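Shown next, in structure tokens, is the structure this report addresses.
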Amino acid sequence: QVQLAESGGGLVQAGGSLRLSCAASGRTFSSYATGWFRQAPGKEREFVAARRWSDGITSYTDSVKGRFTISRDGAKNTVYLQMNSLKREDTAVYYCAARLSPAYAVPLSSSYAYNYWGQGTQVTVSS
């Protein structure tokens with residue numbers, strides 16, 4: 001079993017930066033892939049970014065390309081989402097998700113690709 005815990009959310013002005021962390025516990029976080037999703041008020045959960053650690057394949061939704069970066073510190077069992085040039089439309093609860101085994105038939109941008117989810121961290125971007 002894996003437990004995921006997000007942190008690093010908060011209130012930031014437009015144009016600012018935040019770094020979200022996703023710490024794993026319960027077993028070695030040698031995940032096949034990790035994803036970040038977000039859910040804004042009144043909207044469905046949407047894909048933000050994902051990385052397949054075996055080959056480094058990374059995917060971002062178009063609206064965050066060039067602004068967000070997903071990375072990992074294996075020694076700390078932690079995955080990060082660096083968010084720069086934040087916009088009001090980035091306001092949402094951000095969730096990290098992990099899958100430990102391959103799931104080639106399911107795209108990493110799909111929430112169905114992941115077995116484990118964190119509780120989320122709120123990011124609010126003010127103008």
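Owing to the predicted nature of the structure, the values given are computational and were not obtained by experimental measurement.
The closest side-chain heavy-atom distance from Thr121 to Ser7 is not below 4.5 Å. Considering only heavy atoms from C-beta on, Arg51 stays 4.5 Å or farther from Val79 through its side chain. Contact of the Glu46 side chain with the Arg38 side chain is registered, since non-hydrogen atoms from C-beta on lie closer than 4.5 Å. Put simply, the side chain of Val123 reaches to within 4.5 Å of the side chain of Leu18, judged on heavy atoms.
Closest approach of Ser127 and Ala14 over heavy atoms only: CA-CB, 4.4 Å. Among all heavy-atom pairs drawn from Glu6 and Tyr95, the shortest one is OE2-CA, 3.2 Å. The minimum heavy-atom distance between Tyr116 and Val2, with the atom names listed, is CD2-O, 3.5 Å. Contact record, Leu4 with Ala24: CD2-CB, 3.8 Å, taken as the closest heavy-atom pair. The two residues Ile70 and Thr34 make their nearest non-hydrogen contact at CD1-O, 3.6 Å. The two atoms that bring Tyr60 and Ala49 nearest to each other are CD2-CB, 3.4 Å, heavy atoms only.
With sequence neighbours left out, the side-chain hydrogen bond (donor to acceptor under 3.5 Å, both in side chains) criterion links Gln82 to Asn84. Considering only residues two or more places apart in sequence or on other chains, Phe37 meets the ring pair (Phe, Tyr, Trp, His ring centres under 6.0 Å) condition with Phe47, Tyr114, Trp117. Residues passing the side-chain contact (heavy atoms from CB on, under 4.5 Å) test with Arg52, sequence neighbours excluded: Tyr32, Ser54, Asp55, Ile57, Leu108. For Arg88, there are no salt bridge (charged side-chain N to carboxylate O under 4.0 Å, His left out) partners two or more places apart in sequence or in a different chain. Every residue two or more places apart in sequence or in another chain that forms a side-chain contact (heavy atoms from CB on, under 4.5 Å) with Ala113 is listed here: Val106.
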Kindly indicate, with the supporting measurements, whether the criterion side chain to side chain contact (heavy atoms under 4.5 Å, CB included) is fulfilled by Thr124 and Val12. CA-CA 6 Å; Thr124 303; Val12 64; over 6 Å; no
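For residues 57-66, every residue pair satisfying the salt bridge (Lys or Arg N to Asp or Glu O under 4.0 Å) rule, not counting sequence neighbours, is listed here: Asp62-Lys65.
Rounding to the nearest 0.5 angstrom, the gap separating the NZ atom in Lys87 from the OG atom in Ser63 is 7.5 Å. Atom CZ of Arg67 sits about 9.0 Å away from atom CE of Met83, to the nearest 0.5 Å. Between atom OG of residue Ser17 and atom CZ of residue Phe68 there is a gap of 9.5 Å, rounded to the nearest 0.5 Å.
Within 6.0 Å of atom CD in Gln119, 12 or fewer heavy atoms from other residues, nucleotides or ligands are found, so the atom counts as exposed in its surroundings. Enclosure of atom CD in Glu89 by more than 12 non-hydrogen atoms of other residues, nucleotides or ligands within 6.0 angstrom is indicated.
Between the side chain of Ser71 and the backbone N or O of Thr69, no donor-acceptor pair lies under 3.5 Å. Side chain of Thr78 to backbone of Lys76: a donor-acceptor contact under 3.5 angstrom is found. Side-chain N or O atoms of Arg99 include one that pairs as donor or acceptor with a backbone N or O of Ser101 at under 3.5 Å.
Remark: Arg72 is not positioned above the aromatic ring of Tyr80, lacking an NZ or CZ atom under 6.0 angstrom from the ring centre and at most 45 degrees off the axis.
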